[in-house]
Amino acid sequence: MKAKPAAAGVPGPGWRLRQDPIVLAMTVAIAGTVAGAGAVNVVEVFFIRDTLGSSTTVFGVVQATWTAGMLAGGWLLARPARRARGDGALVNGLTLMLGLCCVAVLAGAAVPSWGWLVPLWLFGGVFNGGLNVFSTMIMANWVPAADRGRAFAAQGAAIQGAGIFGFLAGGLLLERFDPRPLVAACGLAGLLVVLLVAPKVRSATSEVTARPAPGSGRYGGDHEASASRPHPVSELPTDLLGLDALGRAYRC
């Protein structure tokens with residue numbers, strides 16, 4: 001007999017991040033990538049202004065380009081995300097988005113002038129927006145509605161902590177190295193993290209979806225393998241896939 005999702009406003013069965021292998025693996029993947037590539041948020045100021053010899057206006061334009069890409073990506077990749085069948089497809093999509101964001105940063109290290117950064121940062125922003133959509137859908141599938149605030153807070157704390165590490169690393173590294181090789185190092189570091197964690201994330205997803213363990217699985221409770229999701233992918237509301245997802249920017 002299929003388990004029913006918890007009613008709105010009713011506390012779930014004690015969801016914890018460390019007990020949810022899918023959300024935990026996703027959080028580690030995103031936070032690890034942000035820690036590896038996050039220094040670019042500091043380095044790109046000096047890269048654009050000093051190495052490329054651009055103005056403050058140009059720096060603002062380049063920054064806005066990534067954000068514009070996120071806006072477009074949130075809408076463009078919402079439909080493919082909704083069509084994804086199963087948690088494995090969503091997890092694969094998420095790791096792909098992470099990797100493509102890092103590829104954009106890595107490619108940015110080779111540009112001869114700031115104009116080349118515009119399409120690259122737009123490209124990266126699109127997949128950054130897609131990352132937000134895919135991670136939100138995984139949360140919707142695996143965390144009870146009553147516990148999602150706690151889940152997003154736990155995930156956000158891990159990612160913001162990784163971002164702080166990236167800012168600190170960027171400042172320290174700029175004392176010793178030029179901006180261009182550091183931009184390349186940030187993209188490469190993030191890409192290596194993705195390549196290292198992607199197999200583990202997929203393994204965790206395959207294991208749990210094949211044999212849901214007690215205290216884990218959808219809703220974080222004890223359910224049969226056939227237990228229904230809190231919000232099946234085909235029934236997710238539009239705002240969850242669009243503007244709401246855009247509010248959480250995981251800038252690599």
Side-chain angles (χ1 to χ4, degrees), residues 17-18 23-49 59-60 62-71 73-74 91 94-109 117 120-136 138-139 148-177 179 181-198 200-201 244-252:
L17 177 62
R18 64 180 180 273
V23 179
L24 177 61
M26 176 183 71
T27 300
V28 169
I30 297 173
T33 306
V34 170
V40 74
N41 292 294
V42 176
V43 176
E44 67 178 334
V45 180
F46 301 91
F47 178 58
I48 295 172
R49 294 282 286 122
F59 174 73
V62 174
Q63 287 284 290
T65 301
W66 189 286
T67 305
M70 289 178 58
L71 179 63
V91 168
L94 182 139
T95 54
L96 177 63
M97 302 297 158
L98 278 173
L100 290 173
C101 286
C102 296
V103 167
V105 174
L106 180 60
L117 284 179
L120 286 175
W121 261 222
L122 185 64
F123 174 88
V126 166
F127 291 107
N128 197 158
L131 167 64
N132 292 344
V133 173
F134 276 76
S135 65
T136 298
I138 292 172
M139 282 284 202
R148 284 179 195 148
R150 182 192 307 166
F152 281 119
Q155 185 188 61
I159 294 169
Q160 293 302 320
I164 291 173
F165 173 83
F167 272 89
L168 177 61
L172 293 174
L173 290 171
L174 277 168
E175 294 289 338
R176 294 179 174 272
F177 302 98
L182 285 180
V183 173
C186 289
L188 184 59
L191 194 57
L192 287 175
V193 171
V194 174
L195 293 175
L196 287 173
V197 302
K200 297 183 181 298
V201 175
D244 190 53
L246 293 173
R248 297 180 299 105
Y250 303 142
R251 176 70 186 277
C252 294

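Since this is a predicted model, take the numbers as computed values, not measurements.
Looking at every heavy atom in both residues, Thr27 comes nearest to Ala158 through CG2-CB, 3.7 Å. When all heavy atoms of Leu100 and Phe123 are compared, the pair lying nearest together is O-CE2, 3.7 Å. Of all non-hydrogen atoms in Val133 and Gly74, the two that sit nearest each other are CG2-O, 3.6 Å. Heavy-atom minimum distance, Cys102 versus Gly190: SG-C, 3.5 Å. What you find for Val40 and Cys186 is that their closest heavy atoms are N-SG, 3.4 Å. Scanning all heavy atoms of the two residues, the minimum distance from Gly36 to Ala189 falls at O-CB, 3.4 Å.
Side-chain contact check for Met139 versus Val23: some heavy-atom pair is nearer than 4.5 Å. Proximity of Thr67 to Leu71: side-chain heavy atoms (C-beta onward) are nowhere separated by under 4.5 Å. Taking the side chain as every heavy atom from C-beta outward, Gln155 and Ile30 approach each other to under 4.5 Å.
Other residues, nucleotides and ligands contribute only 12 or fewer heavy atoms inside 6.0 Å of the CZ atom of Phe165.
In this structure, CE on Met70 lies 5.0 Å from CG on Asn132, to the nearest 0.5 angstrom. Interatomic distance, CG of Leu117 versus CD1 of Ile48, reported as 5.5 Å (0.5 Å rounding). In this structure, Phe152 CZ and Ser135 OG are separated by 7.0 Å, a value rounded to the nearest 0.5 Å. If you take CZ on Phe134 and CG on Leu98, they are separated by 11.5 Å, rounding to the nearest 0.5 Å.
Residues meeting the side chain to side chain contact (heavy atoms under 4.5 Å, CB included) test with Val193, sequence neighbours left out: Thr33, Val197. A search for ring pair (Phe, Tyr, Trp, His ring centres under 6.0 Å) contacts involving Phe47 returns nothing, not counting sequence neighbours. Partners of Thr65 according to the side chain to side chain contact (heavy atoms under 4.5 Å, CB included) rule, which considers only residues two or more places apart in sequence or in another chain, are Val61, Val118, Trp121, Leu122. A search for side chain to side chain contact (heavy atoms under 4.5 Å, CB included) contacts involving Leu174 returns Val42, Val43, Phe46, Pro179, Leu182, not counting sequence neighbours. Every side chain to side chain contact (heavy atoms under 4.5 Å, CB included) that Ala198 has, sequence neighbours left out, goes to Thr95, Arg202.
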